[in-house]
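A short worksheet on the structure shown next.
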Number of protein chains: 2
Amino acid sequence: MTIQQQRAEETRSRILQAAEECFAQDGYDKTSVAAICQCAGVSKGAFYHHFTTKHEIFMALLNRWLGGLDEQLISSQSIQATIPETLREMAGLVGGVFQAAENRFPLFLEFWSQSVRDPEVWDITVAPMQHYRDFFTGMIERGIEEGSIEPGDPQTTARVVVSLVMGLLVQGMLDPQGADWEQVAREGIRVLLEGMQQKKQ
Amino acid sequence: MTIQQQRAEETRSRILQAAEECFAQDGYDKTSVAAICQCAGVSKGAFYHHFTTKHEIFMALLNRWLGGLDEQLISSQSIQATIPETLREMAGLVGGVFQAAENRFPLFLEFWSQSVRDPEVWDITVAPMQHYRDFFTGMIERGIEEGSIEPGDPQTTARVVVSLVMGLLVQGMLDPQGADWEQVAREGIRVLLEGMQQKKQ
DNA sequence: AAAAACATACCGACCGGTCGGTATTTATCT
DNA sequence: AGATAAATACCGACCGGTCGGTATGTTTTT
């Protein structure tokens, strides 16, 4: 990689960083390209050299953000543990996720809001949801196999889990100080598992 | 009420209706006052005769929408039933709520998105959440009293319930065709109750 | 010198809000 | 009851300003 390419990529990432901050702070529409440029310390020419459109940089951010999120969650499952144990462990991670992504949450809402209008945004916003759905469906199925979860429709049960997590996310986004959301997550998963587990009769 | 007042209120509600449609379709920022006027079939003068600001009509819509929602939910609790029965019944209502408010969902997301930036919007958007929290807290407390729910922190449990409902809402908003959300709601409440109920040992 | 990486000046479109004017209804006076 | 004044409801041209995007020039690397 040449010196010039290095420099270019540095500028590119500076612009991305600045755009993320601006979008999170003021929303997509109210963030002007000029504001992004000023925040990044570059000119408009630099911006339009690296991105063809304001919309494009928005999509770039969305992809980067979702990619990272996905990686983090999938890698957090241990193999030797029981399904309920794994789920409980994942609930414990919620607090970390909240803290790590706290300032990106407004951007998240922005994505959702845009996805109603823009099919392109919809695709990559809703896809992860279905992805997690499948992920949890697999877990539930294995739980039923190993006998730790009561037989039932894994699809529906998985949707219930995802719904709970989504709800936690939204509440955490809108009212971060409203509760200890990590604790609520743990309690929620606990109760859900209690309701899903085989009763010893 | 005089003829002139009738006429005025008719135009006013026409503008409100048009604004609701436009905001839901294009979002707050991208909806121009001119577009609202065209959709309502009135002039800009009429608009600014009835509302002082674009922001004001947004708030008017928000208030109207939340008022209706609140009424609907609170009135749906029967007194003679057991707490778990009441909760199950409320879960059954979800389908109706979804169908009734389907085209308003984008507006809902818009409200949330705005609430991150606008404290005024935040107040009246997040307040209902706390309201429902208290509402469910009361129900859980009564459930504990009547012995149908295992003792624990009613606050946290209530937050779990609200989270589940919120998550269902979001998923239903973003992917209405993705599942039979009413069924998921019923199943979710069922599992939660199963986990919360006193085990006969 | 050719190309990449920027900078700057600028354009046309649009938007929220204003304002002077008009038409219709309502109140007041004779 | 008829005339007149006042208030209400509404119209639509217009303005200051912003914004996304472009065209062109300048510097730096290859």
Tell me which pairs pass ring pair (Phe, Tyr, Trp, His ring centres under 6.0 Å) where either residue lies in residues 4-25 of chain A, with sequence neighbours left out.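 Those involving residues 4-25 of chain A are Phe23(A)-Tyr28(A), Phe23(A)-Phe58(A).
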
Rounded distance in Å - [atom1] ([X]) to [atom2] ([N]):
X        : N       : atom1 : atom2 : value
Arg14(B) : dA9(D)  : CZ    : C1'   : 13 Å
Arg12(A) : dC6(C)  : CZ    : P     : 12 Å
His50(B) : dT8(D)  : NE2   : P     : 13 Å
Gln5(A)  : dT29(D) : CD    : P     : 13 Å
Ile15(A) : dA5(C)  : CD1   : P     : 12 Å

Pairs under 3.5 angstrom, nitrogen or oxygen only, protein versus nucleotides 20-25 of chain C, please.
unit_1	atom_1	unit_2	atom_2	d
dT25(C)	O4'	Gln4(B)	NE2	3.4

Min side-chain heavy-atom separation Trp112(B)-Val121(B) under 4.5 Å: no

Side-chain donor-acceptor pairs under 3.5 Å in residues 164-177 of chain A, sequence neighbours left out?
unit_1	atom_1	unit_2	atom_2	d
Gln171(A)	NE2	Ser163(B)	OG	3.1
Asp175(A)	OD1	Gly178(A)	N	3.4
Asp175(A)	OD2	Arg133(B)	NH2	3.4

What residues form a side chain to side chain donor-acceptor pair (under 3.5 Å) with [X], not counting sequence neighbours?
X         : result
Asp180(A) : none
Arg14(A)  : none
Thr82(B)  : Glu146(B)
Thr156(A) : Asp153(A)

Side-chain polar contacts of residues 39-49 of chain B - donor-acceptor pairs under 3.5 angstrom, sequence neighbours left out - could you list them?
unit_1	atom_1	unit_2	atom_2	d
Ser43(B)	OG	Gly45(B)	N	3.3
Ser43(B)	OG	Ala46(B)	N	3.3

dC10(D) OP1/OP2 closer than 4.0 Å to side-chain N/O of Thr11(B):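 The answer is yes; a side-chain N or O of Thr11(B) sits under 4.0 Å from OP1 or OP2.
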
Just N and O in the side chain of His49(A): are any of them under 4.0 Å from OP1 or OP2 of dC6(C)? no

List, with names and distances, any nitrogen or oxygen atoms from the protein found under 3.5 Å away from nitrogen or oxygen atoms belonging to nucleotides 16-19 of chain C.
unit_1	atom_1	unit_2	atom_2	d
dG16(C)	OP1	Thr31(B)	O	3.2
dG16(C)	OP1	Lys54(B)	NZ	2.8
dG16(C)	OP2	Val33(B)	N	2.8
dG16(C)	N7	Lys44(B)	NZ	3.1
dG17(C)	OP2	Tyr48(B)	OH	3.1
dG17(C)	OP2	Lys54(B)	N	3.1
dG17(C)	N7	Lys44(B)	NZ	3.2
dG17(C)	O6	Lys44(B)	NZ	2.5

